[in-house]
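When a residue number appears, it is its place in the shown sequence, counting from 1.
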Amino acid sequence: MRTKPVLLVIAHGSRDPRHAATVHALVRRVRSLRPGLRVETGFLDFNVPSVRGVLDSLAAEGVRDVVALPLLLTRAFHAKADIPAVLRDAPARLRIRQAEVLGPSPLLLAALERRLHEAGLTSADKPSTGVVLASAGSSDPEAIAVIADIAREWRSTGWRAVRPAFASASLPRTEDAVRELRELGCARVAVAPYVLAPGFLPDRIARGAAQADVLADVLGPAPEVARVLLDRYDAARTPALAAVGA
């Protein structure tokens with residue numbers, strides 16, 4: 001029986017201890033959904049183990065096949081440059097496929113809805129509620145366009161309005177989007193952080209949500225997010241995807 005490739009979840013890392021704790025909680029949920037799959041975690045910066053350290057350990061154990069999954073919601077600089085560079089420097093014995101980033105996905109929209117419901121909103125609130133889709137932000141036009149597309153798609157599910165906002169690199173900021181929705185006449189305004197784990201930029205989003213009625217939690221280890229990870233893993237291990245560097 002052929003051994004399944006190891007799933008290596010690659011997180012950015014943060015000085016904020018909540019970040020790593022949330023990443024590990026998400027990985028535990030992935031393991032619980034697929035007990036026979038080996039799942040490892042590596043960080044690009046700030047936290048241990050490093051991605052390179054995990055890859056070296058796997059090679060030393062005799063592992064051959066790895067699916068490297070960027071724990072990212074959009075395809076921006078880290079997915080296009082940082083992660084491929086790290087993977088190219090991996091031990092030669094490893095066959096590595098880089099999976100796609102998590103977003104966009106209908107499952108992530110479901111996770112956003114889950115977080116808003118957990119914060120107190122119900123389906124009956126949708127027609128009168130404006131939502132700020134608050135992401136970390138990027139200087140990559142492709143990533144910004146994806147967030148705008150998600151906001152438009154989410155609006156079509158029944159919310160009064162959905163506006164994208166960004167914690168860095170792009171405009172508008174969360175507080176500006178909240179103000180715009182107020183001026184639009186929304187009876188209530190909710191902020192939905194489109195981020196995976198707590199940290200500096202999610203805290204900025206929270207500060208920008210001070211005048212909103214509802215602030216949802218980060219996506220974190222929501223079951224829908226764990227399912228997206230497994231979907232991306234399954235897609236990457238198919239023969240149609242070329243190995244990194246091939």
Side-chain angles (χ1 to χ4, degrees), residues 16 18-19 21-23 25-26 29-30 33 71-74 101-138 143-168 170-229 231:
D16 189 323
R18 297 173 299 167
H19 174 89
T22 303
V23 170
L26 175 58
R29 188 177 287 276
V30 171
L33 291 176
L71 198 59
L72 300 168
L73 294 172
T74 59
V101 298
L102 303 185
S105 167
L107 285 170
L108 294 178
L109 278 181
L112 287 165
E113 295 259 351
R114 171 190 291 275
R115 293 304 189 222
L116 285 174
H117 290 162
E118 290 170 351
L121 293 179
T122 69
S123 296
D125 295 319
K126 278 189 159 186
S128 59
T129 301
V131 178
V132 178
L133 179 68
S135 75
S138 173
I144 298 304
V146 166
I147 299 300
D149 288 344
I150 293 170
R152 283 190 290 270
E153 180 181 353
W154 203 15
R155 163 68 180 84
S156 70
T157 67
W159 296 102
R160 169 75 185 277
V162 179
R163 296 289 188 270
F166 307 95
S168 68
S170 306
L171 296 173
R173 295 287 185 254
T174 301
E175 53 269 33
D176 299 325
V178 169
R179 189 179 308 110
E180 179 186 350
L181 290 171
R182 291 279 188 219
E183 292 171 354
L184 186 64
C186 296
R188 66 182 59 78
V189 176
V191 174
Y194 190 59
V195 293
L196 287 166
F200 176 76
L201 293 179
D203 284 349
R204 181 179 289 176
I205 289 171
R207 290 192 298 271
Q211 300 305 313
D213 301 293
V214 174
L215 171 62
D217 199 358
V218 299
L219 295 174
E224 296 86 356
V225 179
R227 287 167 55 197
V228 176
L229 263 71
D231 286 348

Student: Side chains of Thr129 and Trp159: does their closest heavy-atom pair fall under 4.5 Å?
Tutor: yes

Student: Kindly indicate whether the side chain of Val189, heavy atoms from C-beta on, has any atom under 4.5 Å from the side chain of Val131.
Tutor: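 Result no, sub-4.5 Å side-chain heavy-atom pair not found.
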
Student: State which residue, out of Leu107, Leu229, Asp231, Thr74, fulfils the side-chain contact (heavy atoms from CB on, under 4.5 Å) condition with Leu102.
Tutor: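 Considering Leu107, Leu229, Asp231, Thr74, a side-chain contact (heavy atoms from CB on, under 4.5 Å) with Leu102 is found only for Leu229.
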
Student: Might you point out which heavy atoms bring Thr174 and Ala209 nearest each other, and give the distance in Å?
Tutor: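 The pair with the smallest heavy-atom distance is CG2-N, 4.0 Å.
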
Student: Once you round to the nearest 0.5 Å, how far does CG of Leu133 lie from CG of Leu109?
Tutor: 8.0 Å

Student: Distance-only, no hydrogens or angles: does the Ser138 side chain make a donor-acceptor pair with backbone N or O of Ala143 under 3.5 Å?
Tutor: no

Student: Determine whether Leu184 and Arg163 make a side-chain contact, defined as any pair of heavy atoms from C-beta on separated by less than 4.5 Å.
Tutor: yes

Student: Give every donor-acceptor pair under 3.5 Å between a side-chain atom in residues 217-228 and any protein atom, sequence neighbours left out.
Tutor:
| unit_1 | atom_1 | unit_2 | atom_2 | d |
| --- | --- | --- | --- | --- |
| Glu224 | OE1 | Arg114 | NE | 2.9 |
| Glu224 | OE2 | Arg114 | NE | 3.0 |
| Glu224 | OE2 | Arg114 | NH2 | 3.0 |

Student: Check Leu201 against Ala167 and note the closest heavy-atom contact, atom names and distance.
Tutor: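 Shortest heavy-atom contact: O-CB, 3.8 Å.
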
Student: From Ile150 CD1 over to Leu108 CG, what is the distance, rounded to the nearest 0.5 angstrom?
Tutor: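 Nearest 0.5 Å value for the CD1-CG distance: 7.5 Å.
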
Student: Which is it for Arg152 and Val162 under the side chain to side chain contact (heavy atoms under 4.5 Å, CB included) test, yes or no, and what are the steps along the way?
Tutor: CA-CA 7 Å; Arg152 283 190 290 270; Val162 179; over 6 Å; no

Student: Are the side chains of Leu171 and Phe166 in contact, using a 4.5 Å heavy-atom criterion?
Tutor: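 No, every pair of side-chain atoms sits at 4.5 Å or beyond.
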
Student: Is there side-chain contact between Ile205 and Val195, with at least one heavy-atom pair below 4.5 Å?
Tutor: yes

Student: Show the nearest heavy-atom pair for residues Leu121 and Val214, with the distance to one decimal.
Tutor: CD2-CG2, 4.0 Å

Student: Between Ala151 and Pro164, what is the shortest heavy-atom contact and its length?
Tutor: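 Reported closest heavy-atom pair: CB-CD, 3.9 Å.
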
Student: Roughly how far apart are Leu73 CG and Ser105 OG, rounded to 0.5 Å?
Tutor: 10.5 Å

Student: Just so I know, are the side chains of Ser128 and Arg160 near enough to count as touching, which here means a heavy-atom distance under 4.5 Å?
Tutor: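 Heavy-atom side-chain distance check fails, nothing below 4.5 Å.
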
Student: Given side chains that start at C-beta, do those of Val132 and Leu181 come closer than 4.5 Å, heavy atoms only?
Tutor: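 SC-SC contact between Val132 and Leu181 confirmed.
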
Student: For Leu196 and Thr22: C-alpha separation, side-chain torsions, deciding distance, then whether side chain to side chain contact (heavy atoms under 4.5 Å, CB included) applies.
Tutor: CA-CA 8 Å; Leu196 287 166; Thr22 303; over 6 Å; no

Student: Before accepting this row, confirm whether a basic side-chain N of the pair Arg173/Asp176 lies closer than 4.0 Å to the acidic partner's carboxylate O.
Tutor: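 Between Asp176 and Arg173 there is no salt bridge, as every charged N stays at least 4.0 Å from the carboxylate O atoms.
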
Student: Listing request: all side chain to side chain donor-acceptor pair (under 3.5 Å) pairs with a residue in residues 193-212, at least two apart in sequence or in separate chains.
Tutor: Arg18-Asp203

Student: Could you walk me through whether His117 and Ser123 pass the side chain to side chain contact (heavy atoms under 4.5 Å, CB included) test, one step at a time?
Tutor: CA-CA 8 Å; His117 290 162; Ser123 296; 4.2 Å; yes

Student: State, to 0.1 Å, how close Ala197 and Pro202 come at their nearest heavy-atom pair, and which atoms those are.
Tutor: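 Closest approach of Ala197 to Pro202: O-CG, 3.2 Å.
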
Student: Which heavy atom of Gly208 sits nearest a heavy atom of Val178, and at what distance?
Tutor: O-CG2, 4.1 Å

Student: Does any non-hydrogen side-chain atom of Val23 lie less than 4.5 Å from one of Leu26?
Tutor: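 Leu26 does not reach Val23 side chain to side chain.
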
